[in-house]
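Chain letters run A, B, ... following the sequence lines, proteins first, then strands; residues in each count from 1. Here the structure is a predicted model, which means the values were calculated and not measured.
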Amino acid sequence: MELRCWGGDWGLPSVHTESLIVLAYTKFAGAKVTVSPVDWTWKTLTATVPELLCGDSAVQEPTPIVNFLRKQRFNADFELSARQGADTMAYIALLEEKLRPALLHTFWVDAENYANLTRPWFASRSPFPLNFLVPPRHANIALSRILLTKGEAPLHRITEVEGKIYSDAKECLNLLSYRLGTENYFFGNSPTSLDAFVFGFVAPLYKAGLPSSPLQSHLRQLDNVTRFCDNILAVYFSSDHPCPPALVQETMDANLQKLTQLVNKESNLIEKMDDNLRSSPQHKPHRPDPKPSLASEKSSTPA
Amino acid sequence: MSLAAEAFVSQMAAAEPWPETATLYQPLKEDQILLSDCASSLAVQAYLRMCGLPVQVVCRANAEYMSPSGKIPFIHVGNQVVSELSPIVQFTKAKGHSLSDGLDDVQRAEMKAYMELVNNMLLTAELYIQWCDDATAAEISRPRYSSPYSWPLSNILAYQKQWEVRRKMNAVGWGGKTLEQVYEDVSQCCQALSQRLGTQPYFFNKQPTELDALVFGHLFTILTTRLTSTELAEKIKSYSNLLSFCRRIEQTYFEDKSSS
């Protein structure tokens with residue numbers, strides 16, 4: 001399987017949110033993909049990034065790619081209960097509605113950040129003459145998206161919505177922080193698709209060298225969220241350990257674990273039933289407890 | 001509204017109690033109002049009833065233009081005008097009425113996340129079905145939206161609104177979806193809501209919150225609105241706990257009016 005995405009910088013495998021989500025998910029699910037960055041190719045303009053190529057099929061956008069990988073049995077959400085799956089959908093919607101507009105604004109619309117960081121980065125990664133076309137195109141798309149979804153008709157001016165989208169984003173980050181608490185990941189001890197989405201959204205904001213960003217300073221105050229990003233980078237994207245070796249083993253062990261849990265539950269139930277039966281008034285023990293004699297026999301066997 | 005204006009409104013709101021003359025404005029119920037607006041309006045009405053705040057519902061053909069943000073519904077309380085559910089929830093909170101005070105931080109995060117899920121999936125799907133599906137747009141949405149106006153204004157307004165909504169759908173990435181994919185998304189959203197609700201009476205056990213009002217508004221409207229096909233309503237009917245949830249809220253908060 002081949003994954004086309006934007007390249008990496010600032011300590012991240014990719015600077016593009018959607019690409020980062022897919023990369024993180026492939027690591028969590030143990031899917032082997034060859035990453036081909038679209039930097040310095042004409043695909044920066046022509047291709048929809050990220051794009052997963054598998055055989056004849058090409059899948060775009062993070063959510064369809066995650067669904068496709070799940071169907072190929074690369075499922076990081078295997079251990080989630082139905083309710084946790086529902087929570088995943090809800091939190092992803094929260095990220096899309098509340099955090100994405102502010103992220104788009106920070107990187108693409110805010111004049112200082114765009115001129116000093118985003119445009120030079122994307123322009124330097126695009127071949128001539130695309131370096132003149134690609135950044136403005138992304139900036140226009142970002143601006144129109146913010147205005148269409150958050151702008152209040154009939155005054156479609158960006159200054160009116162700026163305050164609102166940033167306060168929404170700060171609230172969203174706070175909510176993520178409350179939900180994460182002191183855990184390493186959002187659901188238990190292994191990362192799931194929600195962790196991939198949160199990582200994809202938050203990591204660029206955390207790591208980019210933005211000249212002016214109140215949102216970044218707000219994020220840096222949320223210790224558990226920054227620790228979450230650093231932890232994922234260290235465990236899954238560190239160059240010393242290219243891929244955690246126990247990952248595939250873990251999924252098989254997870255199946256075994258579930259089976260063992262079921263069997264244990266059954267045997268617990270049977271034990272309880274047995275105890276109830278023994279202690280019920282109709283079945284007074286009419287023979288003495290044979291255990292002490294067995295123990296005495298066992299103690300006599302070793303020579 | 002900018003942040004300073006919002007803070008000012010909150011302060012003004014806190015000064016006075018809820019008056020008897022509060023009114024909620026929406027488009028004409030029989031002829032004009034569309035599915036998405038009706039859902040939002042019903043959600044606000046349910047929320048206000050859950051808080052026990054009296055409000056009169058007034059139908060006006062130009063409600064959309066009267067609204068400060070261009071969205072339906074809006075309420076006129078004292079000398080302030082507030083539109084859309086989230087600002088209205090904040091407004092009533094400033095007046096001292098809130099349904100979500102008993103929730104802790106994690107629960108509040110969950111509640112907001114589920115509200116965004118409903119807005120992101122259900123509301124967008126409703127808008128898509130109304131305006132991007134050609135059959136529904138031609139048969140139902142355009143005629144209804146432009147019914148108070150005479151030709152040629154009716155044509156112009158209807159097509160303008162359709163163009164606006166299609167632009168928005170393209171911007172959020174729903175422009176390329178087919179109707180089947182949209183129905184599938186609605187089904188997944190309902191499944192998530194159904195699993196979260198489980199066997200409880202409300203989403204956060206005993207007490208209704210704004211999430212319950214929002215979900216009720218959307219689901220009830222979808223179930224009771226006639227569209228070109230019944231597939232959307234069928235998707236919801238396959239989840240029995242959502243159906244009983246709607247029935248319960250309708251009986252508790254909306255039917256006592258007819259009996260008294």
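For the residue pair Ser100(B)/Glu210(B), the side-chain donor-acceptor check at 3.5 Å is satisfied. Asn224(A) and Arg227(A) form no side-chain donor-acceptor contact under 3.5 Å, judged by distance and modelled atom types alone. Looking at Asp230(A) and Tyr206(A), their side chains do bring a donor and an acceptor atom within 3.5 Å of each other.
Looking only at distances, a side-chain donor or acceptor of Ser40(B) sits under 3.5 Å from a matching main-chain atom of Ser36(B). Panel note: side chain Tyr114(B), backbone Asp87(A); a donor-acceptor pair is recorded below 3.5 Å. In this structure, the side chain of Ser144(A) engages the main chain of Ile141(A) through a donor-acceptor pair within 3.5 Å. Judged by distance alone, with hydrogens and angles left aside, the side-chain atoms of Ser217(A) form a donor-acceptor pair with the main-chain N or O of Ser213(A) at under 3.5 Å.
Each of Asp105(B), Val118(B), Val106(B) has some count of heavy-atom pairs under 4.5 Å with chain A, and the biggest count is that of Asp105(B).
Atom CG of Leu117(B) sits about 15.5 Å away from atom NZ of Lys112(B), to the nearest 0.5 Å.
Applying a 4.5 Å heavy-atom cutoff, the residues of residues 165-181 of chain B that approach chain A are Arg167(B), Lys168(B), Ala171(B), Val172(B). Residues of residues 184-197 of chain B having a heavy atom under 4.5 Å from any heavy atom of chain A, listed by number: Gln188(B), Cys189(B), Ala192(B), Gln195(B), Arg196(B). Residues of residues 93-109 of chain A lying under 4.5 angstrom from chain B, judged on non-hydrogen atoms, are Ala93(A), Leu94(A), Glu96(A), Glu97(A), Lys98(A) in numerical order.
Ion pair Lys164(A)/Asp168(A) flagged as a salt bridge, since at least one NZ, NE, NH1 or NH2 atom sits closer than 4.0 Å to an Asp/Glu carboxylate oxygen. Using a cut-off of 4.0 Å between Lys/Arg side-chain N and Asp/Glu carboxylate O, Lys71(B) and Glu64(B) are scored as not salt-bridged.
Residue pairs meeting the salt bridge (charged side-chain N to carboxylate O under 4.0 Å, His left out) criterion with at least one member in residues 173-189 of chain A, sequence neighbours excluded, do not occur.
Of the atoms belonging to Met121(B), it is side-chain heavy atoms, and not backbone ones, that fall under 4.5 Å from chain A. Looking at Gln84(A), there are no atoms closer than 4.5 Å to chain B (heavy atoms on both sides), in backbone or side chain.
For Phe74(A) and Phe28(A), the distance between ring centers is not under 6.0 angstrom.
Annotation: side chain of Leu24(B) is in contact with side chain of Ser41(B) (closest heavy-atom distance under 4.5 Å). Proximity of Leu20(A) to Phe201(A): side-chain heavy atoms (C-beta onward) are nowhere separated by under 4.5 Å.
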